[in-house]
Number of protein chains: 2
Amino acid sequence: MKIDPKSKADLPAQIAKAIRDSIISGDMDVDARLPSETELSEQFDVSRSTVREALKRLAAQNLIRTQRGATGGAFVRRLSYQDAYANHITTSTLLLSMNAVDFETACEARFALERACAPLSAKRRTPDQLATMRAEIHRQGQPGLSDESFCDSDVAFHRALVDGAENPVLSYQLAGAVEAMQPLMNMITFTQRNRDMIVSLHSRIADAIETHAADQADAALAELTSYTLELGQQAMAARAAKAPE
Amino acid sequence: MKIDPKSKADLPAQIAKAIRDSIISGDMDVDARLPSETELSEQFDVSRSTVREALKRLAAQNLIRTQRGATGGAFVRRLSYQDAYANHITTSTLLLSMNAVDFETACEARFALERACAPLSAKRRTPDQLATMRAEIHRQGQPGLSDESFCDSDVAFHRALVDGAENPVLSYQLAGAVEAMQPLMNMITFTQRNRDMIVSLHSRIADAIETHAADQADAALAELTSYTLELGQQAMAARAAKAPE
DNA sequence: TATTTTCATTTGTCTGACATTTAATGTTTG
DNA sequence: CAAACATTAAATGTCAGACAAATGAAAATA
């Protein structure tokens, strides 16, 4: 573990960086134990509280976990896809809402990325993923389903489609785009006719995926893209008319 | 600001969550000032250090910034694309290295996503972005360029391509895939013949983007995909042969 | 009025203490 | 001898109080 230059600014950040670097560089294996807080405070020549703040930062990024007790301490944590997912999704959602990304932009991004997955998904999808897609389609057809549940199911459907590509990197990057759009989708009121249309497009996609027909999946996705865009624009227009300001 | 349930576990995490929720929900505007640490410690009925740990977590996620002095305090921060980018890239890189994602998977994801961008980029690219692409191509042709610089330039080229889609959501999601692959790309030794081939493919892409020819851009990207994959597999094979372990 | 000084407020850091958790160690007991 | 129980040591978690440093605003002064 390296020492710290006697710089002025933000001690905890410097210490966190030093530790993070030594984790990233591979000096420390997964589940390796860091020196205790007291030891670290001696090494870096700062107080224990300062070290603790640094460790808290790393914990917030899921880089370490801490454990109490005799054999406890801070341990290097394997960054799991699950943790990274969760983080990625909240950040993406926040980014969209705080920067007021419009519906069109988010929609375009989402479907462009999904269409990138579709050919791979048509090639590799497991029966399991196909079954999930079918189940969600069935759920979407249920009468009396709330708009929110419909959106949830929509996300689940598309997630299964993306996971069908069997590429965790793709799934990870796409999760951000798909899930972050949900708040925007939730603004839409889906009429029965809207839902029928979406369900039929979903069915066409599932059929295409089932028969490994990449081009048909792409065509259906293209239609779904423009249809969703249309619905979104109507919803945004209605919203704008209601609250003119 | 809500109070905390008297649960046992991890006070700072609970407090951080409470504050984060009230930021995300939109109760607090950007640049709004949170109560001082002392006030928060009274509201939540914990010590100041506990509040500080919670605030540090939020700061690590770029949700707040702190300022010293009379009118200082913790302020809600607008999550900028730049901050989110940086975070996204380091997380993606870490995820790939810690979970030993193989070259093929990363490569497939990257180019699948890029091909999703290409049609949009062909439609919208600015002269500026095109100029960047040309400049990087020129740089890649320079004799005596190190492999690392060549990779850097490669990333810059593809970044310009992606940015050409003029969709910040796409740029954001793609940055993770493109940049995270760089460590893997850096393992490749590029011969002169390799570079010539790549430069010529880059030129074809730039030409297609310039003339708004989406299909030609896609074709060139497809070729680049398989060529990169080939190079990567050779490099991995060579590496495996060298260190059989 | 313009400049300087003072001051109150807030975060940053340090110190020391005690609480809590946990595994290892020691001790007792059947 | 072995199992159950008690003790202990080490580590993180939390608290309280102090002082340092920064910083803007108010007050004093030229």
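Below, read A as the first sequence line, B as the second, and so on, with proteins coming before strands; counting in each chain starts at 1. Values in this document were obtained by computation on a predicted structure and should not be read as measured data. As a basis for the values below, the full set of heavy atoms in this structure was taken, side chains included, without hydrogen atoms, waters or symmetry mates.
- Aromatic ring pairs are classed by plane angle as parallel below 30°, tilted from 30° to 60° and perpendicular above 60°; the pair B:F111 and B:H158 is perpendicular.
- Under the side chain to side chain contact (heavy atoms under 4.5 Å, CB included) criterion, A:E42 pairs with A:T38, sequence neighbours left out.
- With respect to the salt-bridge test (charged N to carboxylate O, under 4.0 angstrom), the residues A:E136 and A:R139 qualify.
- The phosphate of D:dC15 has OP1 or OP2 within less than 4.0 Å of a side-chain N or O from B:T50.
- Taking atom CZ of A:F75 as the reference point, atom P of C:dT22 lies 12 Å away to the nearest angstrom.
- Under the 30°/60° scheme for interplanar angles, the aromatic rings of B:Y172 and B:Y81 are found to stand perpendicular.
- Rounded to an integer number of Å, the gap from CD1 of B:I15 to P of D:dG13 is 14 Å.
- Of the candidates D:dG24, C:dG12, D:dT12, D:dG24 carries the atom nearest the B:T71 side chain, counting heavy atoms from C-beta on.
- Side chains of A:D154 and A:Q182: no donor on one and acceptor on the other come within 3.5 Å.
- A donor and an acceptor atom, one from each side chain of A:Q173 and B:H88, are located under 3.5 Å apart.
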Protein N or O to nucleotides 18-22 of chain D N or O, pairs below 3.5 Å:
unit_1, atom_1, unit_2, atom_2, d
D:dA18, N6, B:R48, NH1, 3.4

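- Side chain of A:R110 to backbone of A:A177: no donor-acceptor contact under 3.5 angstrom is found.
- We find that CZ of A:F44 is positioned 14 Å from P of C:dT13, with the value rounded to whole Å.
- Residues B:V162 and B:C117 approach most closely at CG1-SG, 4.0 Å, considering heavy atoms.
- No side-chain donor from either of A:D128 and A:T126 sits under 3.5 Å from a side-chain acceptor of the other.
- Straight-line distance from the CD atom of A:E37 to the C1' atom of D:dA11: 8 Å, rounded to whole Å.
- Counting any heavy atom pair closer than 4.0 Å across all strands shown, A:R33 reaches sugar-phosphate atoms only and no base atom.
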Any N/O pairs under 3.5 Å between the protein and nucleotides 4-7 of chain C? List them or say none.
none

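- Counting only Watson-Crick and G-U wobble pairs whose two key distances fall under 3.5 Å, DNA chain C forms stems of three or more stacked pairs at C:1-30 with D:1-30.
- Side-chain N or O atoms of A:D29 include none that pairs as donor or acceptor with a backbone N or O of A:A32 at under 3.5 Å.
- In this structure, the nucleotide among C:dT10, C:dT13, D:dG13 sitting nearest to the side chain of B:S36 is C:dT10.
- The separation between B:E53 atom CD and D:dT14 atom C1' is 9 Å, rounded to whole Å.
- Closest approach of B:L79 and B:Q61 over heavy atoms only: CD1-O, 4.4 Å.
- Here side-chain hydrogen bond (donor to acceptor under 3.5 Å, both in side chains) pairs that include residues 160-170 of chain B, with residues two or more places apart or in two chains, are A:E108-B:N167, B:Q129-B:E166, B:D163-B:S171.
- Across all strands, B:S49 comes closer than 4.0 Å to base atoms (heavy-atom distances).
- Of the options A:R77, A:R78, A:R65, a side-chain hydrogen bond (donor to acceptor under 3.5 Å, both in side chains) to A:D31 is made by A:R65 and by none of the others.
- Per the geometry, CG belonging to B:L40 stands 16 Å off P belonging to D:dT14, to the nearest Å.
- The stretch residues 55-62 of chain B has no heavy atom under 4.0 angstrom from DNA chain D at all.
- Per the geometry, CZ belonging to A:R52 stands 16 Å off C1' belonging to C:dG12, to the nearest Å.
- In this structure, a donor-acceptor pair under 3.5 Å is present between the side chains of B:T50 and B:S47.
- Taking atom CD1 of A:I64 as the reference point, atom P of D:dA11 lies 16 Å away to the nearest angstrom.
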